[in-house]
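Reviewing the structure listed below.
Small disclaimer: the values here were computed from a predicted structure and weren't measured. Residue numbers begin at 1 in each chain, while the letters A, B, ... track the order of the sequences.
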Protein chains: 2
Amino acid sequence: MARIRVGVNGFGTIGKRVAEAVRLQPDMELVGVVKTRPDYGAIYAARNGIKLYTLRENINKFREKGIEVAGTLEDLLGSIDVIVDATPGGVGASYKPVYEKAGVKMIFQGGEKADVAEVSFSTLCNYEQALGKRSIRVVSCNTTALLRSICTLNRVARVKSVRATIVRRAADPKEIKRGPVNAIVPNPAKLPSHHGPDVQTVLPWLDIVTSAVVVPTTLMHVHIVYARLGTSITLNDVLNAFENAPRIILVSSDLGLKSTADLVEYMRDIGRKRYDMPELAIWLESITVRGDEVMWMQAVHQESIVVPENIDAIRALTEAAKTPEESIKLTDETLGLLRGRIP
Amino acid sequence: MARIRVGVNGFGTIGKRVAEAVRLQPDMELVGVVKTRPDYGAIYAARNGIKLYTLRENINKFREKGIEVAGTLEDLLGSIDVIVDATPGGVGASYKPVYEKAGVKMIFQGGEKADVAEVSFSTLCNYEQALGKRSIRVVSCNTTALLRSICTLNRVARVKSVRATIVRRAADPKEIKRGPVNAIVPNPAKLPSHHGPDVQTVLPWLDIVTSAVVVPTTLMHVHIVYARLGTSITLNDVLNAFENAPRIILVSSDLGLKSTADLVEYMRDIGRKRYDMPELAIWLESITVRGDEVMWMQAVHQESIVVPENIDAIRALTEAAKTPEESIKLTDETLGLLRGRIP
């Protein structure tokens with residue numbers, strides 16, 4: 001079978017990771033990426049054999065800096081099956097008519113409004129719903145994280161309601177213009193935060209309320225989740241569910257993984273590129289069961305957690321894998337994703 | 001009536017604030033404070049007319065630095081009715097035999113174990129229970145904050161259960177040895193955090209689970225509280241309850257009070273000494289009612305929130321005020337505490 005020809009629009013935090021993940025897939029080909037600025041990211045891409053495309057008006061800026069450009073966005077769209085839009089939040093929608101005109105299938109990120117695509121997507125929740133669609137929105141990092149644990153738990157016992165607090169990192173590691181520097185910021189001060197409704201774009205039946213605060217750190221988000229189930233459940237059931245789920249790792253404070261900084265340090269130790277952790281980390285000790293309630297704490301690497309779901313979304317759109325299990329197997333093997341208790 | 005003679009052991013974050021608050025009470029006299037180190041805090045106290053006492057072995061250290069000492073801890077205990085222990089967490093218990101030998105009534109802080117005193121105390125919850133007791137433990141800043149809002153809400157409708165997340169500041173403003181600098185730290189990774197059981201030392205009937213994370217900020221804690229009531233309730237009922245309660249202020253993100261940093265800035269603007277905010281700040285927009293559920297976000301100034309309760313505790317021990325209302329009126333007027341919507 002011919003490989004799926006993929007283009008990525010945007011080579012920032014998400015775009016560069018998705019592009020590199022696509023290159024690792026045996027059933028995909030990265031035709032090229034679109035960049036608007038001729039910066040160190042463009043040089044990095046070019047040096048690593050990734051073909052660069054740009055907007056027509058920017059071609060000369062690239063040539064002035066000696067960076068080779070393979071063509072325009074439209075040229076790229078003419079030679080691919082699927083475009084992964086990884087432009088800044090809200091910008092993706094403005095490109096949609098261009099993608100549609102070219103007749104390519106489209107993946108948008110969670111920064112876009114839900115109506116940008118036919119389906120909001122999380123592999124562990126609704127892969128089948130996305131099969132053969134023309135457009136998919138891969139939900140944001142926090143929503144992806146919530147959906148991974150909720151849908152995993154929901155396989156063991158129906159999840160009735162969720163009340164979750166999201167402690168957000170203030171900025172990504174490379175950002176220098178955002179704060180706070182010394183404050184805790186309700187984000188927003190109104191409940192629910194957008195994450196609850198965003199979870200409902202995938203699980204419309206779930207009673208979920210989320211709240212969020214921003215804090216002065218760059219590494220990861222942390223969620224504290226209080227879930228109520230339709231029935232009582234044992235701690236062992238929950239542990240087994242999380243332990244056997246793909247893309248979830250159970251980490252132990254007792255082994256010294258006490259904070260998001262420790263989690264990142266361990267990713268550095270095991271040689272993960274950019275210290276990425278696409279797995280959702282759940283603190284083993286935090287998992288608590290009281291009758292029909294389950295509570296836990298989880299850490300979310302905002303830069304990389306949506307990468308596996310983007311890869312799966314490509315297979316769902318093109319029906320290259322008919323089941324989530326089939327896609328997960330390929331994605332997780334090629335990306336070297338862990339599961340179970342770590343280390 | 002003779003004024004209550006009060007001593008304060010410790011002149012750190014809590015001790016200095018309680019000592020100064022005692023001086024503002026018409027029915028109390030600050031006899032002196034105990035300090036172990038002849039540092040800038042001792043010089044500040046002496047210059048402000050606060051008599052310094054110390055441990056016998058430290059007297060010479062003070063004299064070497066030219067700081068006058070009025071006597072030993074035992075001398076102080078011999079001339080007071082009530083000692084407020086504001087020594088570091090866990091240290092207070094070791095002084096208890098000394099206080100008992102002197103026959104003074106005792107107030108301990110929330111850093112001590114609950115069994116250090118006859119009753120764990122929060123003015124809005126259980127003032128009457130503490131009347132005439134020999135020893136009181138004023139619960140910690142986070143517990144005081146939770147109890148203020150829970151007991152206020154409980155007057156309108158029985159609070160059945162609480163699930164709360166505490167986003168803790170990493171260090172007090174003057175501290176330089178604590179972190180984290182760039183991480184979110186589950187504190188602990190096990191649920192519940194100690195705050196839930198601590199609330200239960202005052203409200204043993206309440207089903208409460210708390211979880212906590214530490215984040216890199218120094219200004220205030222933030223709580224996200226999900227409460228379930230025995231009945232349905234209207235948003236107006238909740239707003240009225242919080243708006244009319246003492247020691248609670250309703251703050252509005254819409255007016256720019258968007259973070260703990262904004263709250264502190266406003267305290268600086270209105271000329272609060274040390275930018276203290278002994279009031280519990282509840283974000284107006286965050287208050288959400290769904291059937292029998294109430295949720296909100298609140299900010300807690302860790303350095304000053306327990307000061308009013310310490311003053312009330314002195315009156316409860318000595319029965320100088322027979323009702324909480326009587327003590328609250330005096331305390332809040334003398335300390336200039338606000339209530340209702342701010343600004």
Side-chain angles (χ1 to χ4, degrees), chain A residues 161 163-170 173 179-192 207 209-226 228 251-254 257-265 283-288 290 293 295-299, chain B residues 161 163-170 173 179-192 207 209-226 228 251-254 257-265 283-288 290 293 295-299:
Chain A
S161 72
R163 301 291 177 263
T165 297
I166 295 157
V167 183
R168 305 181 72 170
R169 63 85 183 91
V181 170
N182 184 21
I184 302 168
V185 188
N187 184 248
K190 205 169 164 55
L191 269 63
D207 167 24
V209 177
T210 53
S211 54
V213 295
V214 177
V215 301
T217 140
T218 63
L219 303 176
M220 303 179 79
H221 306 295
V222 169
H223 299 171
I224 300 94
V225 188
Y226 306 101
R228 199 171 279 275
V251 299
S252 169
S253 176
D254 279 352
L257 295 169
K258 291 180 186 300
S259 75
T260 54
D262 287 314
L263 294 174
V264 164
E265 187 70 3
W283 269 286
L284 190 58
E285 296 90 346
S286 75
I287 304 169
T288 303
R290 289 167 58 121
E293 275 188 287
M295 317 170 203
W296 68 91
M297 288 174 163
Q298 60 188 27
Chain B
S161 72
R163 303 290 177 264
T165 296
I166 294 157
V167 184
R168 305 181 72 170
R169 62 87 184 90
V181 171
N182 185 20
I184 302 168
V185 189
N187 181 250
K190 205 169 162 57
L191 270 60
D207 167 23
V209 177
T210 53
S211 55
V213 295
V214 178
V215 300
T217 139
T218 63
L219 302 176
M220 303 179 79
H221 306 295
V222 169
H223 299 172
I224 300 94
V225 188
Y226 305 100
R228 199 172 279 273
V251 298
S252 169
S253 176
D254 278 351
L257 295 168
K258 291 181 186 300
S259 75
T260 55
D262 287 315
L263 293 174
V264 164
E265 186 71 2
W283 269 285
L284 190 59
E285 295 90 347
S286 75
I287 304 168
T288 304
R290 288 167 58 123
E293 277 188 285
M295 321 170 199
W296 68 91
M297 289 174 164
Q298 60 187 28

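When B/Leu257, B/Ile184, B/Ile224 are compared by the number of non-hydrogen pairs under 4.5 Å with chain A, B/Ile184 comes out ahead. Interface remark: of the candidates A/Leu191, A/Leu284, A/Asp262, A/Thr218, A/Leu191 forms the most heavy-atom pairs closer than 4.5 Å to chain B. The greatest number of non-hydrogen atom pairs below 4.5 Å with chain B, out of A/Ser253, A/Ser286, A/Pro188, A/Ala299, is found for A/Ser286. Between chain A and the options B/Asn187, B/Asn182, B/Leu219, heavy-atom pairs under 4.5 Å are most frequent for B/Asn182. Heavy-atom pairs under 4.5 Å with chain A peak, among B/Ser211, B/Ala261, B/Ser259, B/Ala189, at B/Ala189.
For B/Pro180, the side-chain contact (heavy atoms from CB on, under 4.5 Å) test picks out B/Ala170, B/Ala183, B/Val185, B/Val214, B/Pro216, with sequence neighbours left out. Scored by the salt bridge (Lys or Arg N to Asp or Glu O under 4.0 Å) test, B/Asp254 finds no partners at all (sequence neighbours excluded).
Between B/Tyr226 and A/Thr210, the shortest heavy-atom contact is OH-C, 4.3 Å. Here the shortest heavy-atom pairing between B/Val209 and A/Met295 reads CG1-SD, 3.5 Å.
The CZ atom of B/Arg290 sits 9.0 Å away from the OG atom of A/Ser161 when rounded to the nearest 0.5 Å.
If you measure heavy-atom distances from B/Pro192 to chain A, you find no contacts under 4.5 Å at all. Only the side chain of B/Thr288 comes within less than 4.5 Å of a heavy atom of chain A; its backbone N, CA, C and O stay farther away. Interface residue A/Val215: only side-chain heavy atoms are found under 4.5 Å from chain B. Proximity to chain B (any heavy atom under 4.5 Å) is shown, for A/Val264, by neither the backbone nor the side chain.
Of the options A/Met297, A/Lys258, A/Glu285, a side chain to side chain contact (heavy atoms under 4.5 Å, CB included) to B/Pro186 is made by A/Met297 and by none of the others.
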